[in-house]
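The analysis underlying the following values was restricted to heavy atoms, covering all of them including side chains, and did not include hydrogens, waters or symmetry mates. Numbers here simply count residues along the sequence, with the first being 1.
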Amino acid sequence: MEVMSSDCALELFSRHAFNKDSPSDDYKELSRQIVSTTGRLPLAIEVIGSFLFERRQPIWNETLDKLSKAPHEDVFEKLKISYDALTFEQQQIFLDIACFFIGEHMANAIYMWKDCDFFPDTGLDVLISMSLVKIVENAFWMHDQLRDLGKEIVRQENPINPTERSRVWIDTEVLDAIRTKEMKKNVQALDLYLGNKPKVTIKSKEIGRFERLRYLKLHSGTFSGNLANSLTNLRWIVWRYPPCLFLKPANICLKKVVVLEYSDDPCMDNSKL
């Protein structure tokens, strides 16, 4: 998208930062400077303006300083200013949505976040007020650039080794993470699609290395072995179309699970508990 004119950019910023069409007199020059540093990109203006709404002037000055140090064309660094201002729990909610839940109904995610003490009612209210997330017909919606921001933040947790990241969703990386023998103490969420590899079996000792796993989505494939001491921190499991001929798990531990989605027939609706 092309950049906005200076006047239109200032008006858009004012609507989010002041809830009116123009800035207050004592913030007018500061507002113009901030708009200029965003490169007059609509999404950056909306996010930064929402972030600054009802904040003290020292925070405005600090934000301007941070924006001035980011490369003019670097939208990532500009948007990340708002992410950095979130609490730890709000950051986890933002990253979960960016990596997994865009287009998903909000209810199940809220069950998981509440059980993890992420305080989702407050967190979502903050994310919405800062224009980082929107709710459309009870489903999560996020701008593509914000989605990419979230995924890039996760990638930068360890650009080389996906097993050291908090979330893994690229199928080849998920399989590599499962097959490696070291403990995965950082991984909180996995999303693995095995539509063309339905006979893939995940051994209990392999999945047991994910000590902090709280969300698991598995499309096809199955488990084998005794899982009594595995998946002990899991809160949400989505398991779709397991190949019944290869279904061999025993004693799956689901004592902390608050959402279970299971479907063994592509023609049937998911069963949800």
Answer yes or no: does atom [atom1] of [X] have more than 12 heavy-atom neighbours from other residues, nucleotides or ligands under 6.0 Å?
X    : atom1 : value
N229 : CG    : no
Q156 : CD    : yes
D25  : CG    : no
Y111 : OH    : no

Answer yes or no: is there an ion pair linking [X] with [Y], defined by an N-O contact shorter than 4.0 Å?
X    : Y    : answer
R179 : D176 : no
D148 : R155 : no
R32  : E29  : no

Mind running side chain to side chain contact (heavy atoms under 4.5 Å, CB included) on L64 and T37 for me, showing each step along the way? CA-CA 8 Å; L64 175 60; T37 60; 3.8 Å; yes
Flag side-chain contact, heavy atom, 4.5 Å: [X] against [Y]:
X    : Y    : result
M112 : R214 : yes
Q57  : L30  : yes
Y262 : I237 : no
F51  : I59  : yes
L79  : Q145 : yes
F119 : W113 : no
L194 : L218 : yes
T163 : N158 : no

Would you check if there is a donor-acceptor pair between the side chains of [Y] and [X] at a distance under 3.5 Å?
X    : Y   : answer
S5   : D7  : no
R167 : Q92 : yes
E11  : S22 : no
S82  : K78 : no

Do [X] side-chain atoms and [Y] backbone N/O form a donor-acceptor pair below 3.5 Å?
X    : Y    : result
E152 : L149 : no
D171 : Y193 : yes
S50  : E46  : yes
T38  : R40  : yes
R212 : V187 : no
E157 : S166 : yes
K184 : A177 : yes
E206 : K203 : yes

Please report the shortest heavy-atom distance between [X] and [Y], naming the atom on each side.
X    : Y    : result
G150 : A98  : CA-CB, 3.9 Å
I45  : A9   : CD1-CB, 3.5 Å
M183 : G208 : CE-O, 4.2 Å
G103 : A139 : O-CB, 3.9 Å
D191 : V174 : O-CG2, 3.6 Å
D117 : E89  : O-CG, 3.7 Å

Look up atom [atom1] in [X] and atom [atom2] in [Y], then write down how far apart they are to the nearest 0.5 Å.
X    : Y    : atom1 : atom2 : value
I153 : R165 : CD1   : CZ    : 13.5 Å
L10  : S36  : CG    : OG    : 11.0 Å
F88  : F118 : CZ    : CZ    : 5.5 Å
Y215 : C116 : OH    : SG    : 13.0 Å
L216 : R235 : CG    : CZ    : 14.0 Å
H219 : R240 : NE2   : CZ    : 7.0 Å

Check against side chain to side chain contact (heavy atoms under 4.5 Å, CB included), K66 and T63: CA-CA 5 Å; K66 290 180 179 179; T63 300; 5.7 Å; no
Donor-acceptor contacts under 3.5 Å from residues 120-128 side chains, at least two apart:
none

Are V168 and V154 close enough, and set up right, to give a side chain to side chain contact (heavy atoms under 4.5 Å, CB included), and what steps lead you there? CA-CA 9 Å; V168 192; V154 172; over 6 Å; no
Quick one, W169 with K151, criterion side chain to side chain contact (heavy atoms under 4.5 Å, CB included). Give me CA distance, side-chain angles, the key distance, then yes/no. CA-CA 10 Å; W169 60 88; K151 290 187 173 184; 3.6 Å; yes
Shared ILVMFWY cluster between [X] and [Y], side chains joined below 4.5 angstrom?
X    : Y    : value
L12  : V75  : yes
V133 : F53  : no
L86  : I135 : yes
L213 : V200 : yes
I110 : F94  : yes

Quick check on side-chain hydrogen bond (donor to acceptor under 3.5 Å, both in side chains): which of D115, N233, T232 does K256 satisfy it with?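 Among D115, N233, T232, the one that satisfies the side-chain hydrogen bond (donor to acceptor under 3.5 Å, both in side chains) with K256 is N233.
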is_close_aromatic(W239, F223), centroid dist under 6.0 Å: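 For W239 and F223, the ring centres are under 6.0 Å apart.
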Is it true that W236 and F101 have ring centroids separated by less than 6.0 Å?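 Yes, close enough.
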Which residues pass the ring pair (Phe, Tyr, Trp, His ring centres under 6.0 Å) test with F13, sequence neighbours left out?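 Partners of F13 under the ring pair (Phe, Tyr, Trp, His ring centres under 6.0 Å) test: W60.
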Please give the remaining members of the hydrophobic cluster of V136, linking ILVMFWY side chains under 4.5 Å, ordered by chain and number.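 W141, all in the cluster of V136.
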